[in-house]
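Report on one structure; see the data block that follows.
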Amino acid sequence: MPESRVKDSSLADRGREQLYWAELNMPVLLEIRRRFEKEKPLSGHVIAACLHVTKETGVLVRTLAAGGAEVVLIPSNPLSTQDDVAAALAQEGIHVYAWRGMSEREYYNAIGFALSFNPTITMDDGADLTATIHKIGHGVRDQTIEYVLETAGSLDAAGLFSRIRGGTEETTTGVIRLKALKKSGKLLYPIIAVNESYTKYLFDNRYGTGQSTWDGVMRATNLLIAGKNVVIAGYGWVGRGIAIRARGLGARRVIVVEVDPIRALEAVFDGYEVMPMDKAAEVGDIFITATGNIRAISLGHIFKMKDGAVLANAGHFNVEIDVAGLERVAVAKRRIRPYLEEYTLPNGKRVYLIGEGRLVNLVAAEGHPSEVMDLSFANQALAAEFLAKNKLPVDVYKLPDEIDREVARLKLKTMGIEIEELTEEQRRYISSWELGT
Ligand code: NAI
């Protein structure tokens, strides 16, 4: 059996303290863990989890292991691993292949490592693991597959698919990729889109990213947000969270750039300025992308920016800002702080890019606070249980509503908050069509 690989095992003690702190703030997941310990619903399953290797993910994988699963943990981003947490988990029987700052080759080697354990359930954040498995299934051989094979050994595609019961997907971008796979008729096993649970996207994408994105911007730059003009590309769940917190931090102008007229109108009614990036580029001090789309900030936009503009990305992939273009045209580049690069443009202006344009909250900060991941990962744990208990036809699913409500109910309970209950009369009233004026 392949050995775990982490940056430095001597960091394990610090990792255990991090996990302890996260567990104190993840009571819903701990309640699920207690039930899993008794019922062992994941017994016999091998879960390959391709997630940001953070302390919160550590609490999730411990919960999956408590449910009887053998767990392999690999990163869903080359720059987001917390090395101390990876070291601690590797000492607890979790198979870990993760360190911060992986090359592209090492990143795909990690996927090969996960596949060598013959997973029965995949857990993904951004769909790199699932897409790679599908490339193998459809006979695609590119450079990434060559890297996968270096650690997977010989791969028997038929055997791989006969074992996989299903998978889960954590984020918007991953769900979009998997729905595209389904639409093209090429999806090969069922997927639960955890992102589509209310108790995921309404809280994680909005309040989690809203806070942790600013945490990343502030740790990387230590700039004062008050008085700045903040430009946010994308007014989805993530963009809304970033906008609310920008206002709370005292930004002078909060400018939203959107392509969808309904979301743009919502931004207007929420009290923000709305304009195209071409115009926003000229006035912004801090730019944050959250579109899930390519080149929301193009090289043309960057040339229009003020000297000293700060750029960060909160969307899943590092394609939202044209970093490759910036690298190509810059006349000088230097690192001036951890996770902060200065680029000098041919026109003499300087722009500052945080964390190579990768997920700012995970690269320059620690990702979402534990309390939020408590909800997202409760959904992940329950989705794994759902897959273990139900043999689903191949499709992309949302978790059943009862599970979503149960997660919210548990969270309220652990927060000591009681809510109103419908009376029998009210239940009848809202379910009848005869009762009117
Ligand atoms: P969403 O689909 O709700 O919102 C994206 C918005 O961007 C849409 O309103 C869309 O119309 C808009 N958009 C698309 N192209 C655009 C362009 N060129 N210019 C301006 N607006 C554009 O998605 P959501 O849930 O807000 O997620 C956004 C991204 O953030 C995804 O990549 C998602 O995977 C990622 N994400 C990152 C997290 C983190 O921890 N940093 C957490 C959760 C999600």
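For His52, there are no ring pair (Phe, Tyr, Trp, His ring centres under 6.0 Å) partners two or more places apart in sequence or in a different chain. Under the ring pair (Phe, Tyr, Trp, His ring centres under 6.0 Å) criterion, Phe113 pairs with Tyr97, Phe117, not counting sequence neighbours. Taking the ring pair (Phe, Tyr, Trp, His ring centres under 6.0 Å) definition, one finds that His45 meets it with nothing, sequence neighbours left out. Take Glu196 and apply the salt bridge (Lys or Arg N to Asp or Glu O under 4.0 Å) test, not counting sequence neighbours, and it matches Lys179. Residues satisfying the salt bridge (Lys or Arg N to Asp or Glu O under 4.0 Å) test with Arg16, not counting sequence neighbours, are Asp13.
The shortest non-hydrogen separation linking Pro190 to Leu392 is CG-O, 3.5 Å. When all heavy atoms of Gly126 and Arg177 are compared, the closest pair comes out as O-NH1, 2.7 Å. Taking every heavy atom of both residues into account, Leu188 and Val394 meet most closely at O-CG2, 3.8 Å. Scanning both residues, Thr168 and Ala383, for their nearest heavy atoms gives CG2-CB, 3.7 Å. Of all the heavy atoms in Ala110 and Ile74, the pair that sits closest is O-CG2, 3.3 Å. The minimum heavy-atom distance between Trp214 and Ile242, with the atom names listed, is NE1-O, 3.0 Å.
Not a single donor-acceptor pair under 3.5 Å links the side chain of Asn25 to the backbone N or O of Ser370. Side chain of Asn109 to main chain of Thr151: no donor-acceptor pair is present (N/O by atom type, distance under 3.5 Å, no hydrogens or angles). Glu169 places a side-chain N or O within 3.5 Å of a backbone atom of Thr171 that can act as its donor or acceptor partner. Side chain of Ser298 to main chain of Arg295: no donor-acceptor pair is present (N/O by atom type, distance under 3.5 Å, no hydrogens or angles). Not one N or O on the side chain of Ser212 forms a donor-acceptor pair closer than 3.5 Å with the backbone of Asp215. Counting only distance, with no hydrogens or angles, the side chain of Asp260 and the backbone of Ala264 share no donor-acceptor pair below 3.5 Å. Put simply, the side chain of Asp124 gets close to the backbone of Thr130: a donor and an acceptor are under 3.5 Å apart. Of the possible donor and acceptor atoms, one in the side chain of Lys349 sits under 3.5 Å from a partner among the backbone N and O of Met305. A donor-acceptor pair under 3.5 Å is formed between the side chain of Asp374 and the backbone N or O of Leu29. In terms of modelled atom types and a separation under 3.5 Å, the side chain of Thr209 and the main chain of Asp204 share a donor-acceptor contact.
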Where do Phe287 and His301 land on the ring pair (Phe, Tyr, Trp, His ring centres under 6.0 Å) test, with the steps shown first?
CA-CA 11 Å; Phe287 294 80; His301 297 138; 9.0 Å; no
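For Glu385 and Lys40, the salt-bridge test fails: no basic side-chain N is under 4.0 Å from an acidic carboxylate O. Between Glu341 and Arg335 a salt bridge is recorded (basic side-chain N to carboxylate O distance below 4.0 Å). A salt bridge links Glu266 to Arg240: one of the charged nitrogens lies within less than 4.0 Å of a carboxylate oxygen. Electrostatic pairing of Glu23 and Lys55 does not count as a salt bridge here, judged by no charged N lying under 4.0 Å from a carboxylate O. Using a 4.0 Å cut-off between charged nitrogen and carboxylate oxygen, Lys333 and Glu327 count as a salt-bridge pair. Look at Asp83 and Lys7 and you find a salt bridge, because one of the NZ, NE, NH1 or NH2 atoms lies within 4.0 Å of a carboxylate O, short of that distance. Electrostatic pairing of Glu273 and Lys279 does not count as a salt bridge here, judged by no charged N lying under 4.0 Å from a carboxylate O. With respect to the salt-bridge test (charged N to carboxylate O, under 4.0 angstrom), the residues Asp285 and Lys228 do not qualify.
By the 4.5 Å heavy-atom criterion applied to side chains, Leu387 and Ile192 are counted as neighbours. The side-chain heavy atoms of Val274 and Ile255, taken from C-beta on, include no pair separated by under 4.5 Å. Put simply, the side chain of Asp278 reaches to within 4.5 Å of the side chain of Lys304, judged on heavy atoms.
Between the CD atom in Glu170 and the OG atom in Ser76 there is a gap of 8.5 Å [rounded to 0.5 Å].
The aromatic rings of Phe161 and His134 stand perpendicular to each other, their planes meeting at an angle above 60°, with 30° marking the opposite boundary.
Arg219 forms no cation-pi arrangement with Tyr339, by the criterion of a distance under 6.0 Å to the ring centre and an angle within 45° of the ring axis.
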If you look only at distance, which donor and acceptor atoms sit under 3.5 Å apart when one is on a side chain in residues 396-403 and the other is two or more places apart or in another chain?
unit_1	atom_1	unit_2	atom_2	d
Tyr397	OH	Pro393	O	2.7
Lys398	NZ	Asp401	OD1	3.3

